[in-house]
Amino acid sequence: MEIAKTYDPKAIENKWYSHWLAKKYFRSVPDEREPYTIVIPPPNVTGVLHMGHMLNNTIQDVLIRRARMLGKNACWVPGTDHASIATEAKVVAMLKEQGINKSDLTRDEFLKYAWEWKDKYGGIILKQLEKLGASCDWDRTRFTMEDDLSEAVIDVFIDLYNKGHIYRGVRMVNWDPAGLTAVSDEEVIHKEVNSKLYYVKYIIVDADEKIDLADEAVVNNKLESGSYITVATVRPETILGDTGVCVHPDDERYKKLKDKFAVIPFVNREVPIIFDDYIMMEFGTGALKVTPAHDINDYNLGIKHNLAVIDTLNPNGTMSEAAGFYVGKDRFEVRKQIVKDLEAKGHIAKVEDYKNKVGYSERTNAVIEPRLSMQWFLKMQDISKPALENVLNGNIKLIPDKFINTYKHWMESVHDWCISRQLWWGQRIPAWYDDKGNCVVAKTESEAIKLFKNPTPNSQVNSPTPDSSLPTIKQDEDVLDTWFSSWLWPISVFDGFKNPDGKDINYYYPTNDLITAPEILFFWVARMIIAGYEYRQEKPFTNVYLTGIVRDKQGRKMSKSLGNSPDPIELIEKFGADGVRVGMLLCSPAGNDLMFDESYCEQGRNFCNKIWNAFRLVKGWSVDAKLPQSSGNKIAVEWFDARLKEQVVLINELYDKYRMSEMLMTTYKLVWDDFCAWYLEMIKPDFVDGNSLAIDNKTFESTISFFESLLKLLHPLMPFISEEIWHLLKDRKGGDDIIIASWPKTSEVKQSLLTEFDHASNVVTEVRNIRKSKNISPKEKISLFQKTASGTETSLFDDIIKKLCNLDKLETTQTSIENAISFVVKQNEYFIPFNSAIDINAEKERLQKELDYTQGFLNSVMVKLGNERFVANAKPEILANENKKKADAEARINAIKEVLANI
RNA sequence: GGGAGCUUAGCUCAGCUGGUUCAGAGCAUCUGCCUUACAAGCAGAGGGUCACAGGUUCGAACCCUGUAGCUCCCACCA
C-alpha cells in the first residue's frame with residue numbers, strides 16, 4: 001500500500017472528531033473515578049473565534065485530554081455568554097440596516113429580534129471549536145441566558161438583596177453615551193490623550209449686588225476691572241452645569257472672595273464660592289469650577305457644600321434642556337463652539353496644550369461621561385473577603401503567581417459594583433415599583449404584589465397597599481450586568497442553584513483548572529471566587545492559569561479594527577488543526593504575551609509531517625520472525641527505553657508546573673531528535689542491492705511500542721494525527737482508541753546507558769564532521785580506531801557507532817595510528833586512517849586549539865581549587881565536582897598531547 | 001500619581017537553591033547533500049560584554065543599590 005509522502009490533515013480531522021463524538025468519549029457523568037473539571041470561559045454568543053480563543057482552548061483541551069488519559073473522569077463544560085452590551089449593540093446595528101430603530105420597538109419586539117439573531121449566529125463559535133479538536137462535553141453546553149441560568153441569576157439577586165448586599169441609589173456612574181447604559185469601573189479603559197486646558201474667566205459679584213447680567217457692557221466692565229476669577233477646565237461644555245467655584249481656604253489670592261459669588265457665563269447663574277482643602281493651589285489657577293452632575297469629585301464637593309446639581313447631558317451625550325444652551329447638540333461639538341463663544345465674549349484667558357486621561361467604554365469605545373443616575377449596586381466590602389484570603393493563602397493558585405499582587409491590590413480597594421444596565425438583552429432586574437415610587441424585590445409579579453400588601457423589613461415600601469386594592473406595579477426596566485450571570489458559571493453549569501445538593505455539583509465542584517486571559521481577572525475570575533464562597537462556601541477552582549495576550553509580530557494586540565488577526569479557521573485549513581495547536585503552544589509562555597506569527601504554525605505542520613514519515617518508515621519494514629536481534633539493535637532498544645522513561649518524568653513535571661511550551665518542546669525533541677534522528681537510524685535495516693533487509697521481530701515490536709508511547713505523549717497536543725497513526729500502526733479492536741489510552745508509565749531509568757550514549761553520539765558527530773571537512777562521501781566506508789584509557793575497554797555502542805558512521809571496521813588499539821586524522825572525545829583518542837596526504841599543520845593546529853581550550857579550563861578549575869576560601873566555603877558536592885573536573889581535564893590533556901606527539 | 005513585571009543569539013523564549021565549559025533551546029541564517037521515511041528533509045557550522053553602572057561574595061545572567069528603556073495594572077487632580 002502506498003502511503004502519501006506528506007501528512008494530509010483535512011481528510012482525517014473530521015473522521016476522528018465524528019468518531020470521538022459517536023463513541024461519546026467527551027461525555028462525562030459522575031462516577032467513582034476522580035473528576036477533572038474545566039469550565040470554559042464562555043465566549044460571547046454572537047462572537048467568532050479569534051486567536052485568543054485558539055490559545056485558551058488549545059490549552060484547555062491539552063489539559064483535558066491528558067487528564068482523560070491519566071484515567072480521570074475528565075469533564076470540560078462548554079457554553080456561551082449572552083454578553084448584554086455587545087450583543088445588544090450588534091442587534092441594534094442589524095436592525096438599523098433593515099431600517100428599524102430600537103426606539104420604535106417594544107421591549108418584547110426587540111427581544112424577539114435578539115433571540116432570532118442569537119439562534120441564527122449563536123454557537124458558531126462552538127462549531128469552530130470543534131475544528132480545533134476541542135473535546136468538550138457538548139451535551140453539557142450551557143448559555144448564560146437560558147432559563148435555568150437566568151433563574152439562578154434572579155434568585156441570587158433576590159438573595160443578596162435580602163441579605164442587604166444589594167442597594168439602589170443615585171450615584172455617579174460611568175455613562176456610555178453610545179451604548180446608552182451605565183458601565184462598571186472595570187469596563188472603562190483610560191487612555192492618555194492630547195487635549196486643551198481652557199482658562200475661563202467668571203465674573204465675581206457680591207451677594208447683594210444687583211446688576212443686569214444680560215447687559216454686555218456691565219459684564220465687560222467687570223472683566224476689565226479685574227473683578228473675576230479664572231478657572232481651568234478641559235471640558236468647557238460642562239460650564240453650563242456649574243453650580244459653584246471652589247478654592248483652597250489657605251489661598252491668599254482668594255481670601256477676599258469669601259461670601260461672594262461667581263457668575264457662570266451664558267447662563268448667568270450666580271453660584272457660591274466655596275472653600276475646601278481638596279483643592280490643589282498649584283494646579284491651574286487654584287480655582288476649580290464645580291459641576292456636581294458630571295464629575296465625581298465635584299459631586300462629592302457638591303454634597304459637602306450643599307450645591308445644586310444640574311444635569312446638562314442627555315443620555316446620548318447631547319446637551320439637555322437643563323443646559324439652557326446648545327440643547328440637542330453633541331458634547332464635543334459644543335466643546336468647540338462654546339470656546340469660540342466664550343472667546344467672543346472675552347471670557348477666555350488662555351488655552352494650553354494638556355495631556356490627560358480620558359475614559360473610554362470597553363464595548364463601544366465611546367468617551368465615558370460621569371453621570372448621575374439611579375442604579376443598583378452590590379456592596380463588595382464584606383462579600384469579597386474570603387476571595388482575597390483564599391488566594392493569599394494558596395487555596396487558589398494563580399499561575400503565574402505574579403498576578404497575586406495585582407489581585408490583592410484590587411481586592412483591597414474594591415468598589416461597589418454597579419450591576420444595572422440600561423439594556424433589554426439580559427436578565428431583567430426583579431424589582432417592582434408602584435406609582436408612589438415604592439419598591440420591592442421579588443421573583444414574580446404576584447409575589448411582588450404580596451410584598452406591597454405585606455412588606456418585609458427589606459421592602460422599600462412606606463405605606464402598605466391595603467388589602468382591598470391592588471397596586472399598579474411595574475417591573476424595573478433595566479437588566480443586570482452580564483458578569484452578574486457569568487460569575488455564577490462554575491456553579492450554575494452544574495445546576496448548583498437549582499439543585500444545590502445534586503449529583504453533578506457535588507461531584508464536579510470545585511473544578512480543577514480555569515484557563516483565561518489576565519484581562520478578565522477582576523471582571524470574572526475574582527467575582528467567580530466571591531460567588532463560590534458565598535454560595536458553596538468553597539472555591540470554584542483550584543488553579544487559575546492566565547494566558548498571555550495574543551499579539552502580532554510588531555507587538556500590537558490582535559484586533560478586528562487593526563485587521564492584524566489571522567482567521568483561525570483559515571489557519572486550520574492551511575496547517576491542520578494539530579499544526580495550529582502546536583503553533584499556538586510554541587509561542588505561549590505562561591502569563592507573558594505572545595508574539596504570534598504564522599511561521600509557528602508552519603513549524604507545527606512540519607512536525608506533523610515528521611511524525612507521519614517516521615510512521616511511513618516503520619510501516620514499510622518487513623519483519624523476519626526468525627532473525628535474531630543484533631547486539632546493536634538490542635542496545636538501541638535499551639537506550640531508547642531509558643531515554644523515553646527519563647523524558648516522560650520530565651514531561652509530567654512540566655505539566656504539573658503548567659509549563660506548556662516547555663512541555664511541548666521536550667516532547668518535540670524526544671520525537672524528532674531522539675526517536676527519529678537517533679533511534680530509527682540506529683535500527684533501520686540496511687539496504688543491500690537496492691532492497692531493504694528485514695528487521696527482527698523483537699526490535700520491531702519494541703519500536704511499535706515506543707511509537708505508541710510517543711503517540712500518547714503527543715495526543716493531548718496533536719489529537720488528530722496521533723489517533724490516525726495509532727490506528728494505522730496496528731489493527732485495533734473497537735474501542736482501542738488513543739483518546740482513552742493510558743498515559744505512559746514511568747520507572748527507574750538506567751542512567752549509565754544514557755551517559756554512554758552521550759559519548760557515542762559525540763563520536764558519531766566527530767566522524768561526520770571529519771567526513772565533511774575531508775570531503776569523504778557518506779557512502780564511502782572508512783575505518784575507526786579508538787584508544788581508550790586502559791586500552792581494552794569496548795563500548796556498548798560500538799555497533800551503533802559503526803552503523804551510523806558507515807564504518808567497515810571499528811577497532812580498539814593500544815598504540816597510536818600513523819597517517820590518520822585524529823580526534824579526542826572525553827579521554828579517548830580516535831583515529832581515522834587516511835590515504836591521501838594529510839595537512840599535518842592543519843591537524844596540529846586543530847588539536848592545539850583543543851588543547852589550549854582544555855588547558856584554560858583546567859587552569860580555571862585549579863584557580864578555584866587553589867583558593868583557600870573556596871575550599872573552605874563551598875559545599876562538599878561542589879568541591880567533589882571540581883576535583884572530578886580537574887581529573888577529567890588532565891586525562892583529556894594527556895590524550896590530546898599524545899595524539900599531537902604522534903602526528 | 002501608586003504598584004507590578006520585563007530587558008539573555010537575528011526572532012521567540014528557558015536558565016528552578018549563586019557553583020559542571022553555564023552562557024542554552026527552537027526557529028531563522030550559513031555550508032554540504034534530491035543518501036529509497038521525510039527538501040515541510042538530512043548532516044554539519046557560525047552566532048550573545050546576559051540593558052547599563054556600581055556593590056556583596058572564594059564565585060554573579062542569578063543577590064543588593066542606582067540608571068535607562070519597554071510593558072501591564074490600579075487611581076476621582078480640574
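Proteins get letters first, then strands, A, B, ... in listed order; numbering begins at 1 in each.
- Taking the side chain as every heavy atom from C-beta outward, A/T667 and A/L714 approach each other to under 4.5 Å.
- Between the C1' atom of B/rG44 and the NZ atom of A/K774 lies a distance of 14 Å, rounded to the nearest Å.
- Counting non-hydrogen atoms under 4.0 angstrom, A/F596 reaches nothing in the nucleic acid.
- If you check every strand for non-hydrogen atoms under 4.0 Å, A/K684 touches a base.
- When heavy atoms are screened at a 4.0 angstrom cut-off, A/E282 is found touching no nucleic acid atom at all.
- Side-chain proximity of A/I878 to B/rG19, B/rU21, B/rC58: nearest is B/rG19.
- Residues meeting the side chain to side chain contact (heavy atoms under 4.5 Å, CB included) test with A/D758, sequence neighbours left out: A/S761, A/K826.
- Put simply, NE2 on A/H409 is 8 Å from P on B/rA75, counting in whole angstrom units.
- When the salt bridge (Lys or Arg N to Asp or Glu O under 4.0 Å) test is applied to A/D353, the partners found at least two apart in sequence or on another chain are A/K196.
- Contact check for A/Y299 versus A/H294: no side-chain heavy atoms found under the 4.5 Å cut-off.
- For A/A694, the side chain to side chain contact (heavy atoms under 4.5 Å, CB included) partners at least two apart in sequence or on another chain are A/S622, A/D624.
- The base of B/rC38 lies close enough to the side chain of A/K610 for a donor and an acceptor atom to sit less than 3.5 Å apart.
- If you run side chain to side chain contact (heavy atoms under 4.5 Å, CB included) between A/C246 and each of A/D298, A/L307, A/I279, A/V231, only A/I279 comes through.
- B/rC6 and B/rU12 have their C1' atoms separated by 15 Å, given to the nearest Å.
- For A/D185, there are no salt bridge (Lys or Arg N to Asp or Glu O under 4.0 Å) partners at least two apart in sequence or on another chain.
- Consecutive pairing runs in RNA chain B reach the stem threshold at B:1-7 with B:68-74, B:10-13 with B:24-27, B:29-33 with B:41-45, B:51-55 with B:63-67, where a stem means at least three Watson-Crick or G-U wobble pairs with distances under 3.5 Å.
- The NZ-P distance, from A/K402 to B/rC72, rounds to 12 Å in whole Å.
- Separation of the P atoms belonging to B/rG2 and B/rC62 is 27 Å when rounded to the nearest angstrom.
- The residue among A/N356 and A/M595 whose nearest nucleotide of RNA chain B is located toward the 5' end is A/M595.
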Identify each atom pair where a protein N or O and an N or O of nucleotides 26-33 of chain B are less than 3.5 Å apart, giving names and distance.
unit_1 : atom_1 : unit_2 : atom_2 : d
B/rG26 : O2'    : A/Q603 : NE2    : 2.5
B/rC27 : OP1    : A/Y668 : OH     : 3.4
B/rU31 : O2     : A/K772 : NZ     : 2.2

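- Contact check, A/N769 against B/rA45: a side-chain N or O comes under 4.0 Å of OP1 or OP2.
- Residue side chain A/R768 does not reach the base of B/rA43 through any donor-acceptor N/O pair under 3.5 Å, judged by distance alone.
- A/C676 comes within contact range of at least one nucleobase, with a heavy-atom separation under 4.0 Å.
- When heavy atoms are screened at a 4.0 angstrom cut-off, A/N867 is found touching the sugar-phosphate backbone but no base atom.
- The distance between atom CD of A/E412 and atom P of B/rA4, rounded to the nearest whole Å, is 13 Å.
- The interatomic distance linking A/L728 (CG) with B/rA37 (P) rounds to 19 Å, in whole Å.
- Comparing B/rG19 with B/rC63, their C1' atoms are spaced 14 Å from each other, to the whole Å.
- Applying the side chain to side chain contact (heavy atoms under 4.5 Å, CB included) criterion to A/V871, with sequence neighbours excluded, gives A/L879.
- Rounded to whole Å, the distance from CG on A/N405 to P on B/rG5 is 6 Å.
- For A/R616, the side-chain atoms get nearest to B/rA37 when compared with the rest of B/rC58, B/rA37, B/rA78.
- Listed candidates were B/rU21, B/rA75, B/rU12. Nearest to the side chain of A/C587 is B/rU12.
- The stretch residues 853-872 of chain A participates, sequence neighbours left out, in these salt bridge (charged side-chain N to carboxylate O under 4.0 Å, His left out) pairs: A/K864-A/E882.
- Heavy-atom distances to RNA chain B give each of A/T765 and A/Y7 a nearest nucleotide, and the one nearer the 5′ end belongs to A/Y7.
- A distance of about 24 Å separates the P atoms of B/rU56 and B/rU17, rounded to the whole Å.
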Under-3.5 Å N/O pairs linking protein and nucleotides 60-65 of chain B:
none

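- For A/K803, there are no salt bridge (Lys or Arg N to Asp or Glu O under 4.0 Å) partners at least two apart in sequence or on another chain.
- B/rC52 sits 13 Å from B/rU7 when the P atoms are compared, rounded to a whole Å.
- Nearest to the side chain of A/M280, among B/rA37, B/rA78, B/rU21, sits B/rA78.
- OP1 or OP2 of B/rA39 has at least one side-chain nitrogen or oxygen of A/K5 nearer than 4.0 Å.
- Taking the side chain to side chain contact (heavy atoms under 4.5 Å, CB included) definition, one finds that A/E662 meets it with A/L654, A/R659, sequence neighbours left out.
- When all heavy atoms are compared, the tightest approach of A/I229 to A/A287 is CD1-CB, 3.7 Å.
- Nearest nucleotide to the side chain of A/F522, out of B/rC73, B/rC58, B/rC38: B/rC73.
- Using a 4.0 Å cut-off between charged nitrogen and carboxylate oxygen, A/R846 and A/E850 do not count as a salt-bridge pair.
- Considering only side-chain atoms of A/N613, the nucleotide from B/rA40, B/rA78, B/rA37 that sits closest is B/rA37.
- As a whole-Å value, the separation of A/E187 CD from B/rC74 P is 12 Å.
- Residues passing the salt bridge (Lys or Arg N to Asp or Glu O under 4.0 Å) test with A/K289 are A/D242, sequence neighbours excluded.
- For the P atoms, the distance linking B/rC11 with B/rU29 amounts to 15 Å, nearest Å.
- An OP1 or OP2 oxygen of B/rG19 is reached within less than 4.0 angstrom by no side-chain nitrogen or oxygen of A/K864.
- For the OP1/OP2 pair of B/rU35 and a distance below 4.0 Å, the side-chain nitrogens and oxygens of A/R771 include no atom meeting the criterion.
- The distance from atom CD1 of A/I776 to atom P of B/rU35 is 20 Å, rounded to the nearest whole Å.
- Ion pairing between a basic and an acidic side chain is recognised when a charged N comes within 4.0 Å of a carboxylate O; A/K774 and A/E780 show no such pairing.
- Nucleotides B/rC38 and B/rA45 have their C1' atoms positioned 23 Å apart, rounded to a whole Å.
- The separation of B/rA60 from B/rA53, taken at their C1' atoms, amounts to 15 Å, rounded to a whole angstrom.
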